[in-house]
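Here's the structure, in structure tokens; my notes come after.
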Number of protein chains: 2
Amino acid sequence: MRKGELTMNRYFDYAATHPMTKSALDHYVAMARSVYGNPSSLHTHGYMAEDYLTESRRLLKQALGLDMLRGKLLFTGSGSESNYIALTSLRKRMKGSEVITSWQEHDSVALLLDEWEAEGLTVHRLKLKEGRFDHETFTHLLDRDIGLVTFQHVNSDTGWTLPLHNILCQLKYKKVLFHVDGVQALGKIPVSVDGIDAYSFSAHKVGGPKGVGGLYMERLLPPPYYPGHHQYGIRPGTIDVPGICAFVKAFTDRHEQRTRHERNFLAFRAILKEKTSSYVDWLEFDQQSPAIFSFVSKQRDGQWWMTELDGLGFQVSAGSACRAGQNGPNRMLESLGYETSACHGLVRISFGEDTTVEDTTALAEAIVTLARRVGFYEQTLSR
Amino acid sequence: MRKGELTMNRYFDYAATHPMTKSALDHYVAMARSVYGNPSSLHTHGYMAEDYLTESRRLLKQALGLDMLRGKLLFTGSGSESNYIALTSLRKRMKGSEVITSWQEHDSVALLLDEWEAEGLTVHRLKLKEGRFDHETFTHLLDRDIGLVTFQHVNSDTGWTLPLHNILCQLKYKKVLFHVDGVQALGKIPVSVDGIDAYSFSAHKVGGPKGVGGLYMERLLPPPYYPGHHQYGIRPGTIDVPGICAFVKAFTDRHEQRTRHERNFLAFRAILKEKTSSYVDWLEFDQQSPAIFSFVSKQRDGQWWMTELDGLGFQVSAGSACRAGQNGPNRMLESLGYETSACHGLVRISFGEDTTVEDTTALAEAIVTLARRVGFYEQTLSR
């Protein structure tokens with residue numbers, strides 16, 4: 001990267017989308033050139049594409065620590081589509097009539113459940129309890145006629161991480177279906193999907209191409225659209241083999257390097273915390289993705305910070321990009337018990353492959369500069 | 001291309017999927033490297049991605065001869081998804097209670113309509129009349145309580161082309177919604193979408209990437225999944241800007257070169273016809289896409305031809321790849337009045353950017369060789 005680019009764009013919005021890694025992009029090009037067949041075609045080019053698809057599924061399962069015969073992998077067009085397929089399909093299989101979710105889900109889950117609720121289904125939305133998963137209320141709710149539980153594995157706004165293992169143990173002997181939105185978890189924290197009915201993920205969050213998502217299914221799900229021919233009859237559309245292979249390349253690379261990334265990301269956090277903690281409140285949790293670090297500002301909205309930092313050459317976020325055009329309090333902050341005025345002040349910093357100590361230090365300094373300016377303005381006002 | 005590759009793989013299945021063109025792939029790489037932002041993000045990288053998306057829509061409209069203010073373009077994950085979104089959404093807007101379609105639709109339309117029918121909706125399926133669109137029956141049906149008409153613009157098995165303009169004129173003053181599946185038409189024949197409620201297309205059929213589809217909407221459609229934030233609230237999921245830009249590059253190139261391609265493709269047809277017409281029956285129509293040319297074989301199934309030709313290094317198809325794993329008579333041949341035994345004998349040859357006169361001549365010779373072998377075997381048998 002040239003110096004000009006480095007100083008012009010210091011990208012800290014990897015949770016919104018991670019640029020394709022060099023190796024994933026190279027792999028995409030190689031695949032698009034040589035393995036372009038339609039995997040449904042019954043000829044050499046079709047078989048070759050089908051073979052690469054099978055190999056992608058094998059590599060992905062291997063990275064997920066799964067036995068080759070365990071579960072099925074479906075490829076979709078996005079993490080949001082994976083959530084849609086999982087929930088729509090699982091709904092057809094639900095034994096109970098009520099749903100448990102959290103208050104701070106990604107919109108692709110929250111908005112769909114809002115629709116279900118409007119249709120008469122009962123949806124329970126758990127809030128956090130002192131920053132932790134509310135086991136007590138959850139256990140209590142499980143005594144009701146629950147058919148489906150859906151939780152985000154890693155919260156997209158704050159990196160807060162679900163105690164997945166505990167929940168799995170609780171659900172093990174109940175006839176409750178379990179969906180996990182793992183879009184911000186895969187490649188960022190250790191992920192074990194074994195025993196989960198459906199686990200959604202997305203390629204572009206780990207350096208794969210946009211337009212590719214995935215869904216692990218413990219057992220095959222009923223078709224959400226119509227019974228078709230592609231991908232176990234679950235999802236129609238010519239399968240994007242080059243895109244899928246590039247995703248698997250990005251993910252397996254990331255998987256191998258997870259410890260290194262974690263170490264780096266924790267160092268970036270330490271820098272941000274040390275330099276700026278007197279000015280802003282960082283959100284930390286017992287279990288948290290190292291890739292996301294957010295602070296709350298009481299004097300300015302997240303969108304103010306995003307715009308001001310962008311003006312200084314730093315791209316951050318005010319929470320999930322899917323809600324970026326929407327106003328309204330941040331649900332995660334509400335769940336954490338922040339007062340309404342503060343719930344607009346979330347600023348999300350997220351790290352990726354190209355994040356450096358230098359850029360992070362510069363970002364910390366920019367935050368301090370802006371915080372001082374805000375403080376000065378507040379002082380002037382209050383005089 | 002090296003000589004080894006040329007003789008090893010002579011690809012004639014461009015209708016199943018067209019390899020990405022060099023310029024589309026180069027464009028994809030450039031975009032993935034520099035315009036990787038999430039277009040929903042409110043910062044420099046987000047705005048840049050949003051700008052490229054807007055520009056893609058503008059270029060696409062321009063190539064479609066549309067006024068910039070006319071209609072909306074939605075990007076999806078595949079042509080099949082575009083068909084799904086169009087039909088599911090239009091169904092919510094239908095005034096009448098019945099649907100008209102054809103007997104030979106692509107599965108992404110046919111299978112969905114089968115579901116609707118199972119739910120109690122009346123679906124009329126027009127057959128061809130002496131190889132032509134059955135205007136008489138269609139006009140007659142329009143007197144019923146029709147809410148929606150959906151037709152494939154170019155038939156994926158034979159290249160047969162719908163008299164779109166006549167149908168549009170007939171529907172103009174009726175309150176009937178009109179969807180056209182243009183997956184095999186866009187870039188292959190002149191396309192005007194003006195006045196059509198929804199027109200579906202796909203990127204990988206014209207040398208764009210797999211995993212990108214599109215839908216022209218005359219007026220915005222109601223959301224088929226749930227009311228979200230992306231793309232007019234119609235389709236959730238981070239928008240694949242590099243993929244979309246690469247598709248628009250492939251399509252606009254193709255659009256500019258359409259006359260040249262048409263001239264070449266018609267020359268390839270002439271070669272095939274001249275050399276093989278004594279052995280196989282080619283399907284020709286008054287209006288037909290130059291990119292697809294099919295023959296019917298009464299002695300052998302399409303899958304036999306596909307396999308034998310593949311063995312000789314030629315990739316052809318036995319009809320739409322989406323049905324490749326399914327047995328059963330070909331619906332287009334049924335519609336043309338072929339007897340059931342012949343309805344398994346469709347062989348589809350389709351041309352693309354890299355098709356050459358030499359390869360086409362070699363394919364014609366291979367067809368003759370196989371036809372002679374079949375004829376010899378038949379003779380031996382009948383003795």
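Keep in mind that the numbers below use all heavy atoms, side chains included, and drop hydrogens, waters and symmetry copies. Naming: A, B, ... by sequence-line order, numbering from 1 per chain.
- Summarising the geometry, atom OG belonging to A/Ser80 is positioned 5.5 Å from atom NE2 belonging to B/His230; distances are rounded to the nearest 0.5 Å.
- Contacts with chain B were tallied for A/Gly311, A/Ala110, A/Ser108, A/Pro209; A/Ser108 has the most, counting heavy-atom pairs under 4.5 Å.
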From CA spacing to verdict: side chain to side chain donor-acceptor pair (under 3.5 Å), A/His45, B/Asp13: CA-CA 9 Å; A/His45 282 275; B/Asp13 199 9; over 6 Å; no
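- The part of B/Tyr84 that comes within reach of chain A is its side chain, from C-beta onward, which places non-hydrogen atoms under 4.5 angstrom from that chain.
- Heavy atoms of B/Pro242 lying under 4.5 Å from chain A belong exclusively to its side chain.
- In this structure, no portion of B/Pro39 lies under 4.5 Å from any heavy atom of chain A.
- For a residue to count as touching a neighbouring chain, one of its non-hydrogen atoms must lie under 4.5 Å from one of that chain's; by this rule B/His204 touches chain A with the side chain only.
- In this structure, chain A has a heavy atom under 4.5 Å from the backbone of B/Val316, while its side chain stays farther away.
- A/Asn38 places no side-chain N or O within 3.5 Å of a backbone atom of B/Thr17 that could act as its donor or acceptor partner.
- A donor-acceptor pair is defined here as one N or O able to donate and one able to accept, closer than 3.5 Å; no such pair exists between the side chain of A/Asp310 and the backbone of B/His43.
- Enclosure of atom OH in B/Tyr226 by more than 12 non-hydrogen atoms of other residues, nucleotides or ligands within 6.0 angstrom is indicated.
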Go through A/Leu25 and B/Val29 one step at a time and tell me if the side-chain contact (heavy atoms from CB on, under 4.5 Å) criterion holds. CA-CA 7 Å; A/Leu25 188 53; B/Val29 171; 3.9 Å; yes
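- Both the backbone and the side chain of B/Leu112 come within less than 4.5 Å of a heavy atom in chain A.
- Every residue was checked against the side chain to side chain donor-acceptor pair (under 3.5 Å) condition with B/Ser202, not counting sequence neighbours, and none meets it.
- Residues A/Pro227 and B/Glu115 meet the side-chain proximity criterion, which asks for heavy atoms closer than 4.5 Å.
- Not one N or O on the side chain of A/Lys210 forms a donor-acceptor pair closer than 3.5 Å with the backbone of B/Ala32.
- Note: A/Asp240 leads A/Thr88, A/Asp240, A/Asp26 in heavy-atom pairs under 4.5 Å with chain B.
- One distance of note links CD of B/Gln315 with CE of A/Met48; it measures 8.0 Å at 0.5 Å rounding.
- Heavy-atom distances place no part of A/Leu309 under 4.5 Å from chain B, backbone and side chain included.
- To the nearest 0.5 Å, atoms CD (A/Glu81) and CD (B/Glu81) are separated by 5.5 Å.
- Highest contact tally toward chain A, considering only B/Pro19, B/Ser78, B/Gly77, is held by B/Pro19 [criterion: heavy-atom pairs under 4.5 Å].
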